[in-house]
There are 2 protein chains.
Amino acid sequence: MFEQVKQTRVYQDVVEQIEEAILNGTLTTGEKLPAERELKETFSVSRGALREALRVLEQKRLIDIQLGAGGGAIVREVTPEVMMDGLSLLVRSQKVPLESLKEFRMDIEGNIARLAAERANAEDVARLQAILGLAKASLDNQEGWEAYVQADAQVHMTLARITGNTIYEYIQTAIHENINRYYAEFLEHDESVLCDHYQDLCNIVNAVADGDGERACDQMRLHLNRLGK
Amino acid sequence: MFEQVKQTRVYQDVVEQIEEAILNGTLTTGEKLPAERELKETFSVSRGALREALRVLEQKRLIDIQLGAGGGAIVREVTPEVMMDGLSLLVRSQKVPLESLKEFRMDIEGNIARLAAERANAEDVARLQAILGLAKASLDNQEGWEAYVQADAQVHMTLARITGNTIYEYIQTAIHENINRYYAEFLEHDESVLCDHYQDLCNIVNAVADGDGERACDQMRLHLNRLGK
DNA sequence: ATAGGTTTAATGGTTCAACCATTAGCTGGC
DNA sequence: GCCAGCTAATGGTTGAACCATTAAACCTAT
């Protein structure tokens with residue numbers, strides 16, 4: 001019947017007010033909030049409490065804070081980037097079974113590949129093939145895996161961008177920044193493995209070029225499944 | 001060639017040290033950190049700076065803070081829950097095209113339905129059918145849409161749980177807490193709409209009962225597509 | 001007049017000290 | 001043995017002071 005009285009902390013109230021103002025558009029991207037010493041009067045809180053609130057908003061990627069005269073809190077643009085921290089923590093904590101992460105990744109990147117295949121135009125395909133060219137060159141010239149890994153990442157990122165859905169773009173970034181970097185360390189560098197890997201990428205890009213979403217999805221999943229061991 | 005010198009703030013250093021300790025297991029779930037007045041000595045920072053660090057860690061869901069004697073910061077378990085805040089901000093900001101959100105949701109929930117169909121045992125199916133029974137009853141008895149909406153949410157959540165992948169479970173929660181709640185307000189309450197909606201749920205559950213992943217996925221996507229308008 | 005340095009003031013970053021509010025545990029009286 | 005009240009530990013909050021960084025105003029020498 002009754003709810004537990006929630007513990008109120010003044011900084012939380014400040015966070016909620018500013019957050020609400022940002023999300024509902026009262027505060028717009030790029031706008032500068034008043035100085036701390038002014039804000040603390042507005043909210044009638046101490047500077048310490050206000051600063052705790054600003055720390056939280058900064059952590060949420062809702063504001064940036066600039067130092068010096070004329071500095072202060074500036075409202076950031078809200079983008080799917082805000083989803084990256086969570087996934088990053090999840091991976092780094094290793095509290096979630098690797099299988100679950102792998103499954104999630106295969107589903108996400110499979111969908112990305114499918115959508116990319118359905119939506120890629122000639123220019124997109126050309127860009128993908130150019131990246132493949134670089135990858136092939138770095139393999140042939142024995143430039144080592146450094147350049148190759150970079151090319152691989154670019155293929156994945158480009159596919160995400162082709163979908164035109166920024167959510168996928170940022171999730172792909174988060175995956176690369178976390179999961180993939182982890183695997184990359186254990187990736188064997190011998191030639192046959194890299195060649196298989198390269199062939200996978202070719203298969204995916206070819207499917208995209210053909211506009212065959214299902215095949216692109218399947219090839220991507222095969223590719224990731226092989227990596228995951 | 002050179003990198004921009006990053007601005008160092010003492011609280012950030014404290015955050016990183018504690019975060020690292022939590023993620024690498026030096027600090028384990030449930031463990032209690034020393035009192036603020038002790039921690040500030042350990043890190044050689046002021047209590048204000050330390051508290052800013054604790055606010056950030058709290059926001060990241062890495063610690064809980066208890067009040068009173070014997071209170072203090074307690075290390076939380078890291079779960080996919082940490083991903084919810086980002087998605088929540090994204091939806092509330094309305095800065096991301098509804099189409100993108102809808103597409104993302106259809107892909108995620110489609111995958112959930114497919115996995116659930118592939119993995120559901122007899123008990124799972126029985127649970128789903130029981131929920132459908134409640135939904136049907138609330139429709140027949142004209143109990144209004146309140147009970148029905150709740151049953152609908154339970155179907156989605158149960159499917160996510162059946163996948164056995166906690167990432168999907170939490171993403172589904174985030175979706176329900178944000179996207180779905182938004183749509184629910186605009187859902188028409190007239191009988192024919194609700195009946196169509198109910199029929200969708202039946203189709204999905206039937207596909208799951210048959211172990212037909214593809215059909216479950218398709219039905220789920222159809223269902224969501226109809227809602228999105 | 002302009003280039004270049006210097007001063008000034010605004011502003012975030014940090015610290016310290018004090019006090020309040022909540023809570024767990026102890027203590028003493030019944 | 002139990003309950004009331006006291007005590008101390010601990011997070012919550014405040015105010016004041018000072019430091020570090022930055023932008024803008026202000027000189028000064030050529």
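Letters A, B, ... are given to chains in the order of the sequence lines, protein chains preceding strands, and every chain is numbered from 1.
Applying a 4.0 Å cut-off to non-hydrogen atoms, the residues of residues 59-70 of chain A that approach DNA chain C are I65(A), Q66(A), L67(A), G68(A), A69(A), G70(A), listed by residue number.
Considering CG of L128(A) and CG of L159(A), their distance stands at 5.5 Å, rounded to 0.5 Å.
I22(B) is listed as a side-chain neighbour of I18(B), based on a closest heavy-atom distance under 4.5 Å. Side chains of L62(B) and V56(B) form no contact here, defined as non-hydrogen atoms less than 4.5 Å apart. Looking only at side-chain heavy atoms (C-beta outward), I108(B) and F104(A) come within less than 4.5 Å of each other.
Nearer the 5' end of DNA chain D, as judged by each residue's closest nucleotide, is the contact made by G72(B), out of G72(B) and V45(A). Between R37(B) and S46(B), it is S46(B) whose nearest contact on DNA chain C lies nearer the 5' terminus.
If you check the side chains of N24(B) and T26(B), you find a donor sitting under 3.5 Å from an acceptor.
In this structure, E36(A) places its CD atom 14 Å from C1' of dT21(D), rounding to the nearest Å. Atom CD1 of I74(A) is separated from atom C1' of dT22(D) by 13 Å (rounded to the nearest Å). Atom P of nucleotide dT14(D) and atom CD of E41(A) are separated by 11 Å, given to the nearest angstrom. For the pair L50(A) CG and dT13(D) P, the computed distance is 13 Å after rounding to whole Å.
Of all nucleotides in DNA chain C having an atom under 4.0 Å from a heavy atom of chain A, the first and last in 5' to 3' order are dA10(C) to dT14(C).
Comparing dG12(D), dA17(D), dT14(D) against the side chain of R47(A) picks out dA17(D) as the nearest.
The shortest heavy-atom contact between V125(B) and A120(B) is CG2-CB, 4.2 Å. Nearest approach of S100(B) to V96(B), heavy atoms of both residues: CB-CG1, 3.9 Å.
T158(B) contributes a side-chain N or O that, together with a main-chain N or O of Q154(B), makes up a donor-acceptor pair within less than 3.5 Å.
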